[in-house]
Structure formats: structure tokens, C-alpha cells
S.K.: 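Submitted below is the structure of interest, expressed as C-alpha cells.
Sequence lines set the chain letters: A, B, ... in the order given, protein chains first and strands last, and positions in each chain run from 1.
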2 protein chains.
Amino acid sequence: MHTLILTADDVHRVVRHVGLDAFMDALIERLRTAISGFDGEATVIPVRSGFAYSEPAEGLIEWMPCFRPGDHVVLKVVGYHPSNGRRNGLPTVISTVSAYDATSGHLKALADATLLTALRTGAASAVASDVLVRADARTVGLIGAGAQAVTQLHALTRVRSIERVLYFDSDPAASASFADRVASFASDVSLHAVSADEVVEGSDIVCTATSVGVGEGPVFGDVEPRPWCHFNAVGSDFPGKVEIPLSLLERSLVCPDFRLQAVAEGECQQLDPDSIGPSVTEVVRNAGLYMGAQESLTVFDSTGWALEDDVAMGLLAELAESLGLGMHLPIEAVVGDALNPYDFATAYAQPVEP
Amino acid sequence: MHTLILTADDVHRVVRHVGLDAFMDALIERLRTAISGFDGEATVIPVRSGFAYSEPAEGLIEWMPCFRPGDHVVLKVVGYHPSNGRRNGLPTVISTVSAYDATSGHLKALADATLLTALRTGAASAVASDVLVRADARTVGLIGAGAQAVTQLHALTRVRSIERVLYFDSDPAASASFADRVASFASDVSLHAVSADEVVEGSDIVCTATSVGVGEGPVFGDVEPRPWCHFNAVGSDFPGKVEIPLSLLERSLVCPDFRLQAVAEGECQQLDPDSIGPSVTEVVRNAGLYMGAQESLTVFDSTGWALEDDVAMGLLAELAESLGLGMHLPIEAVVGDALNPYDFATAYAQPVEP
């Protein structure tokens with residue numbers, strides 16, 4: 001009874017072996033299938049829960065469970081610490097994901113989920129955008145140009161022919177390094193650092209992925225976007241944390257990833273229940289029906305859904321096993337006698353000398 | 001940024017190095033201190049949550065979080081699968097525990113918690129019993145003689161001079177092997193297989209640690225225990241699962257480990273709120289006050305408290321580090337640029353040949 005351990009280095013090897021584009025494409029396709037086929041009986045996902053704190057610095061550790069009855073439980077634990085870069089030289093989001101056998105409780109696998117989280121959040125925006133964004137969209141706007149913005153942009157380049165990016169970050173360093181960070185996949189895209197309002201006014205798709213503080217949003221003003229603009233609101237994932245102005249939400253079709261969670265933590269916090277649009281499952285399942293929305297304002301309220309982690313972990317584990325990557329460690333006890341927790345004490349006993 | 005991995009074998013090495021008795025004694029002392037000093041502001045413990053199912057066999061996977069603000073989060077994940085022995089040759093309870101840095105989100109350690117869970121459950125009963133059980137108690141009764149019964153008995157022998165054990169298990173195999181399983185620490189204790197009712201009638205302390213099904217309890221009849229008998233109700237940890245007859249609870253001082261959880265999952269399910277006694281914290285903190293209860297019927301409603309896991313994990317990690325045991329694995333990403341999830345792709349890029 002071994003546990004597959006996939007370190008960040010293993011995850012990176014998998015993605016490099018497959019290729020960033022191919023990995024993202026596979027993730028988008030699997031996520032599209034999982035979202036459109038989502039059935040709350042066959043995949044049980046409670047609203048996530050966690051600990052939020054303000055000392056010694058603002059932070060949050062939360063767990064996101066996903067249960068596939070008869071098969072497995074995937075539990076992602078994710079830390080969100082906006083001052084990690086400054087204080088610890090670490091990413092804002094650090095995460096690991098575990099998979100348990102839902103017939104025995106055995107821990108089947110543990111993997112770094114820092115890259116996976118960024119990738120699946122990008123892939124989710126791509127799935128929603130692929131329905132709600134015009135085919136001729138060419139300009140992506142990014143408010144918040146940090147780690148999540150990289151995968152947002154990458155994922156969107158896989159579903160639309162992006163030629164131009166308008167970006168803004170309140171941190172000049174993040175803004176200054178952005179071009180370098182997207183060079184590997186966006187070398188033929190023209191990049192323009194502008195104000196947050198200019199991002200919104202000039203883009204066909206806008207992704208907000210900021211660390212705006214509780215009560216400090218929205219992250220842009222009451223300006224006029226293009227009439228067909230689609231927003232992927234990625235950073236709104238905590239009570240009181242919002243990125244999109246209410247006035248814009250009220251004029252838009254707002255599609256949450258996970259409605260129960262979005263009303264507690266997402267942009268949907270700002271809306272009364274009757275003003276919330278269809279879930280992303282409904283939209284993706286009936287893509288033809290919702291293509292008309294490509295001509296109007298739409299918002300994907302992406303709070304982060306454990307379904308996405310389940311899909312990402314499944315893809316990763318499958319590829320890692322086929323490549324023979326990762327370590328298989330005997331983490332859990334497999335003593336001879338399941339009824340005897342002290343079996344180990346006698347199992348190792350030395351024979352007494354005559 | 002490494003994660004300490006402690007496999008079952010590492011945990012066993014720690015316990016063997018220290019010695020079973022000394023490890024149990026240390027755990028009991030630390031737990032006594034933690035329980036009596038428990039402060040819901042300094043240690044935040046929500047009611048646990050999880051997934052329960054009946055297909056392909058009865059099972060439960062749940063997570064138990066404990067937050068020490070400014071320091072760490074401990075999250076134990078525990079699987080409960082009563083048919084594991086028969087179906088998979090595995091223990092009913094399989095568990096791992098993780099510790100996260102509550103300033104950065106970093107996964108500091110992951111350890112097997114199968115043995116730890118059994119040990120800390122025993123230690124908790126010892127802490128409660130040490131207040132509520134007469135000093136001259138000599139007979140322990142065990143209903144359910146499986147893995148948990150071993151550590152229940154072991155822990156009780158550390159706080160009382162136990163001379164005699166009455167035990168019952170509905171599984172003849174568990175009953176038949178019991179003497180062998182406790183021989184390492186109870187060689188001078190006389191062991192008697194009797195009926196469940198006889199266990200209750202003849203003991204000074206009774207531990208119930210069964211896998212009785214939902215709606216199938218209690219596990220013994222409406223018989224008369226010794227007037228000073230103390231019960232450690234260990235197996236009642238799920239909605240509808242109870243071990244103690246209501247009539248007995250109503251005549252007893254019932255002390256839950258974690259009241260909010262006990263009313264949902266423990267023996268306290270059967271009681272109306274006014275009939276529930278003081279929490280174990282209250283009892284241990286004011287031990288002198290509650291010594292009078294040694295002469296009357298008492299019940300420790302032990303649903304399993306994440307505080308116990310936090311204490312056990314702390315002790316284990318401390319000993320493992322001092323012994324240099326365990327592996328330190330770089331599980332999480334430490335890329336050069338925290339803002340660039342794709343840093344790894346360029347970091348490994350081969351220089352182009354001229």
C-alpha cells in the first residue's frame with residue numbers, strides 16, 4: 001500500500017514532457033467535459049472551508065474536497081498569503097492535493113498543486129470564455145499581472161487568436177516583469193501596460209486576478225467596456241473580496257462556477273439571488289443556447305471549484321504514472337495484524353539469545 | 001522549503017525508541033495540559049466534516065482541522081471502513097495527518113496517523129478517566145476488542161493499577177486474538193472473555209470501541225453497572241451511531257470531548273441539551289471539583305477531537321526531528337520567480353547551439 005508522491009519537480013517534468021500548450025489543451029478539454037457533464041450525485045462537492053487570519057500577515061488556509069462515490073476523494077489544501085513574495089520569497093498561492101481511495105481510505109497520491117492550481121484556473125476561464133466570447137476576440141485585458149495572469153492569458157490563447165494584451169498591476173515590479181513572464185507562449189502578442197480603466201475599455205476579454213483586500217474592491221472604475229466584453233473574475237474568492245463594480249455586474253450575465261460558493265465568496269456576493277445567471281455547467285452544457293451572449297456583457301464568477309482540482313489531479317496522475325515519475329512511499333501502516341496497533345513492537349523484536 | 005514525511009515505519013521507530021509506555025505517558029501528559037488549557041481563541045477547531053457512503057461498502061472519509069493562529073494548521077484525514085479487514089486486509093481506521101505553516105501555507109509535515117489515532121484516543125480516555133475513575137479501580141471492561149481496544153487498555157494501565165479485564169467482541173476472531181494483542185503490556189493482567197452485559201456489570205471502567213452500525217446500537221443491554229462505573233464511549237462518532245443505552249446516559253454525568261461535535265455524532269445525540277454534562281476541558285481543568293463524580297456513573301463521550309491530533313502530531317514531529325527520522329522532500333514549488341508559474345519551463349531550457 002504505497003502513496004505516489006509527486007513533487008513540484010515531478011509536476012514540472014510531466015508538463016515539460018507533454019508541452020505547456022498540449023498540457024493546457026488537455027486540461028481545457030477534460031474540464032469542458034467534466035463541467036458540462038457535472039452531476040451533483042456522481043460528484044459531491046461541498047463548499048470549501050478554511051481558516052482566515054490577519055496575523056502575522058493576511059492569510060488563508062483552506063481545503064477543497066471532491067468526492068467521486070465508489071472511487072476516490074480528492075482534497076486540495078491551498079494557502080493564500082498575499083505577502084508571501086515580500087515576506088518569504090514564496091508564491092502567494094501554495095497548494096498540495098491528495099487523493100484517497102473511497103473504498104478503503106488509503107492515501108493514493110499527494111502532489112504539489114501550486115502549478116496545477118494556476119493551470120486549472122486558467123483552463124476554467126478558457127472553458128467559460130470559449131462559450132461566452134466572440135470568435136473574433138483579439139484583445140485580452142489583465143488586471144493583476146501576477147502568477148495567475150500568466151495562466152489566464154496562456155489558456156485564452158488556446159481558445160482564441162489573441163494578438164494584443166492590455167495589462168495593469170498595482171505593483172510596478174509585477175508590471176515590469178510581465179512581458180518576460182509570458183514570452184514563452186505569447187512572443188507574437190503585443191503587450192501594453194495601461195491603467196486598470198484602460199484595460200477594461202479596450203479589451204474583448206478581461207481577467208481580474210488581483211490580491212485586492214477585503215472591502216477594497218472593485219479593482220476598476222465605472223467605465224464602459226466594449227459591449228461584448230467577457231470578464232473572468234478570478235480573484236474574488238473570499239467574503240468581502242470583490243473585483244468587479246456592482247454596476248457592471250448588474251448589466252451582465254453573471255455565471256458562477258459553483259453558485260453556493262460564489263454567493264459567499266465570489267462576485268455573486270454583490271448580487272441578489274434573482275440577478276445571478278446560469279452556472280457555468282448550464283452554460284457549457286447548452287453552449288449553442290448561450291452563444292447569443294457573446295454579443296453582450298458576461299462575467300464568469302470563478303471562485304475556484306474542487307471539480308477543477310479533481311480533473312487536474314486526474315490528468316497529472318495519469319501522465320505521471322505513464323512516464324514512471326514520482327516516488328512510491330509506504331506512508332501508511334501495513335502491519336501484519338490489522339487489529340493490533342502494537343504489532344510493529346513485536347514484529348521488530350529481536351530474538352532472545354539463548 | 002521541504003516537507004518532513006514520516007511513514008508508518010518512521011512512526012513505529014519513534015515509538016519503539018522512546019518505548020510504548022513512555023510514549024503513551026508523554027502523550028497523556030501533553031494531552032492533559034492541552035485539554036485543561038484549551039482556549040477556543042488560541043486554538044480554533046471546527047466540527048469535522050467528511051463524506052460518508054454505503055457503496056461499495058460502508059465507509060467514511062473525513063478531515064479534522066485544528067488551527068493554532070500565528071503558528072500552524074494541523075489537518076488529519078481519517079478513513080473509517082469497518083469492512084477493511086475482511087475486504088482489504090487493512091485496518092478499519094487508516095489515517096494521515098498534515099501540518100501547514102500558518103504564515104505561508106507551506107506543508108511542513110505529513111505523517112501516518114493510524115497508530116497516532118489509536119494512541120491519542122487511548123490517551124484521551126486516560127485523561128478523562130484519571131479524573132472520573134476511583135483510585136482503586138482494578139477492572140477494565142472492553143466492548144469491542146479490536147485495534148482501538150488495545151490502546152484504550154494500554155492507556156488506562158498508565159493511570160490506574162489494572163489487574164483484570166473483561167472483554168467482548170461480536171467477532172469471534174477478534175475475541176480469540178485479544179490476549180495475544182495485549183500481551184506486550186498486560187502480561188500480568190487476567191483476561192476474561194464474557195458477554196457484553198457481563199462486561200458492564202463487572203467493571204470499574206468500561207470502554208466501548210465498536211463498529212456498531214447506524215441505528216444498531218446500543219451495544220449492551222439495560223443492565224446495572226457498578227455504581228461508580230466510568231464509561232469511555234469511543235466508537236460513537238457518526239450520526240445515528242451510538243453505543244450506550246439512553247437509560248444509562250440519563251443516570252450518568254456525560255462529558256463530551258467537543259460538545260458541538262458530540263451532539264451531532266456522539267452519545268450526546270441521544271440527550272437533550274440540558275442533560276449534557278460539562279466538557280472534558282471543564283472537568284480536567286477543575287479536577288478537584290469533579291473528583292466527587294468518581295463515586296457515581298460517568299461517561300466520557302469521546303467523538304475524537306482534532307486537539308488530540310494536534311498534540312499527537314506535535315509530540316511525534318518533535319521526537320522524529322530529534323532522532324533524525326523521516327525524509328525531507330521538496331514537494332512544493334520553489335521556482336525562482338514567484339510571479340511566474342512557468343518559470344520551470346525556461347529554467348530547464350537547454351542553451352541553443354551556435
S.K.: As an exercise, state the distance from CZ of Phe344(B) to CG of Leu20(A), rounded to the nearest 0.5 Å.
M.R.: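 The CZ atom of Phe344(B) sits 5.0 Å away from the CG atom of Leu20(A).
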
S.K.: Is there side-chain contact between Ile94(B) and Tyr100(A), with heavy atoms separated by less than 4.5 Å?
M.R.: no

S.K.: For Thr7(A) and Pro330(B), which heavy atoms make the closest approach, and how far apart are they?
M.R.: CB-O, 3.3 Å

S.K.: Where do Pro56(A) and Gly70(B) come nearest, in terms of heavy atoms and distance?
M.R.: CD-CA, 4.1 Å

S.K.: OG of Ser98(A) to CH2 of Trp63(B): how many Å apart, nearest 0.5 Å?
M.R.: 12.0 Å

S.K.: Can you name the side chain to side chain contact (heavy atoms under 4.5 Å, CB included) partners of Ala113(B), sequence neighbours left out?
M.R.: Lys76(B), Ser95(B), Val97(B), Leu116(B), Thr117(B)

S.K.: May I have the step-by-step check of side chain to side chain contact (heavy atoms under 4.5 Å, CB included) for Tyr342(A) and Thr151(B), ending in yes or no?
M.R.: CA-CA 8 Å; Tyr342(A) 293 166; Thr151(B) 51; 3.5 Å; yes

S.K.: Which answer fits Pro69(A), side chain, backbone, both or neither, if we ask what part of it has an atom under 4.5 Å from a heavy atom of chain B?
M.R.: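 Neither part.
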
S.K.: Using non-hydrogen atoms only, which part of Leu90(B) is less than 4.5 Å away from chain A: side chain, backbone, both, or neither?
M.R.: both

S.K.: Specify which of Thr3(B), Val93(B), Val73(B) makes the most heavy-atom pairs with chain A at under 4.5 Å.
M.R.: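 Heavy-atom pairs under 4.5 Å are most numerous for Val73(B).
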
S.K.: Chain B heavy atoms under 4.5 Å from Ala102(A): which part of the residue, side chain, backbone, both or neither?
M.R.: both

S.K.: For Phe67(B), which atoms come within 4.5 Å of any heavy atom of chain A: side chain, backbone, both, or neither?
M.R.: both

S.K.: Find the distance between CG (Leu6(B)) and CD1 (Ile331(A)) and round it off to the nearest 0.5 Å.
M.R.: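 If I round to the nearest 0.5 Å, the distance is 9.5 Å.
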
S.K.: Name all residues meeting the side chain to side chain contact (heavy atoms under 4.5 Å, CB included) criterion together with Ser83(A); count only those two or more places apart in sequence or in a different chain, and write none if there are none.
M.R.: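 If we apply the side chain to side chain contact (heavy atoms under 4.5 Å, CB included) test to Ser83(A), skipping adjacent residues, the hits are Ala57(A), Arg86(A), Arg87(A).
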
S.K.: Where do Asn88(B) and Ser104(A) come nearest, in terms of heavy atoms and distance?
M.R.: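 Scanning both residues, the minimum pair turns out to be ND2-CB, 3.7 Å.
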
S.K.: Please tell me if the side chains of Phe178(B) and Leu339(A) come closer than 4.5 Å, counting only heavy atoms from C-beta onward.
M.R.: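 Phe178(B) vs Leu339(A): side chains apart.
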
S.K.: Under a 4.5 Å heavy-atom cut-off, does chain B meet the side chain of Val44(A), its backbone, both or neither?
M.R.: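 Both parts, backbone and side chain.
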
S.K.: Atom CG of Asp343(B) and atom NE2 of His12(A): how far apart are they, to the nearest 0.5 Å?
M.R.: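 So the gap between those two atoms works out to 8.5 Å.
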
S.K.: Which bit of Leu110(B) comes within less than 4.5 Å of chain A, counting heavy atoms only: side chain, backbone, both or neither?
M.R.: side chain

S.K.: Working to the nearest 0.5 angstrom, can you tell me the gap between Asn340(A) CG and Ser184(B) OG?
M.R.: 7.0 Å

S.K.: Less than 4.5 Å to any heavy atom of chain A: does that hold for the side chain of Asp101(B), its backbone, both, or neither?
M.R.: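 The backbone, not the side chain.
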
S.K.: At a heavy-atom distance under 4.5 Å, which candidate from Val11(A), Val77(A), Val78(A), Leu75(A) has the highest pair count against chain B?
M.R.: Val77(A)

S.K.: Tell me, side chain or backbone of Leu60(A) under 4.5 Å from chain B's heavy atoms, or both, or neither?
M.R.: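 Contact with chain B involves no heavy atom of Leu60(A) at all.
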
S.K.: Could you give me the CA-CA distance, side-chain angles and deciding distance for Thr103(B) and His81(A), then say whether side chain to side chain contact (heavy atoms under 4.5 Å, CB included) is met?
M.R.: CA-CA 8 Å; Thr103(B) 67; His81(A) 296 82; 5.8 Å; no

S.K.: Looking at chain B, which one of Ala111(A), Ala145(A), Ala147(A) has the largest number of heavy-atom pairs inside 4.5 Å, strictly under?
M.R.: Ala147(A)

S.K.: At a heavy-atom distance under 4.5 Å, which candidate from Gln148(A), Glu58(A), Met1(A) has the highest pair count against chain B?
M.R.: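 Max contact count across the listed options: Met1(A).
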
S.K.: Go through Ala8(A), Ser49(A), Gly85(A) and name the one with the most non-hydrogen pairs under 4.5 angstrom from chain B.
M.R.: Ala8(A)

S.K.: Name the member of Pro65(B), Ala118(B), Ala149(B) that forms the most heavy-atom pairs with chain A at distances under 4.5 Å.
M.R.: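 Most heavy-atom pairs under 4.5 Å with chain A: Pro65(B).
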
S.K.: Heavy-atom distance under 4.5 Å to chain A: side chain of Thr96(B), backbone, both or neither?
M.R.: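 Just its side chain gets close to chain A.
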
S.K.: If you take all heavy atoms of Gly105(A) and Ile61(B), which pair is closest and at what distance?
M.R.: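 For Gly105(A) versus Ile61(B), the nearest heavy atoms are CA-CD1, 4.1 Å.
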
S.K.: Does the pair Leu329(B) and Met327(A) meet the rule for a side chain to side chain contact (heavy atoms under 4.5 Å, CB included), with working shown?
M.R.: CA-CA 10 Å; Leu329(B) 291 183; Met327(A) 250 183 298; 3.5 Å; yes

S.K.: At a 4.5 Å cut-off on heavy atoms, which part of Glu55(A) comes close to chain B: side chain, backbone, both, or neither?
M.R.: backbone

S.K.: Quick one: what part of Phe185(B) sits under 4.5 Å from any heavy atom of chain A, side chain, backbone, both or neither?
M.R.: side chain

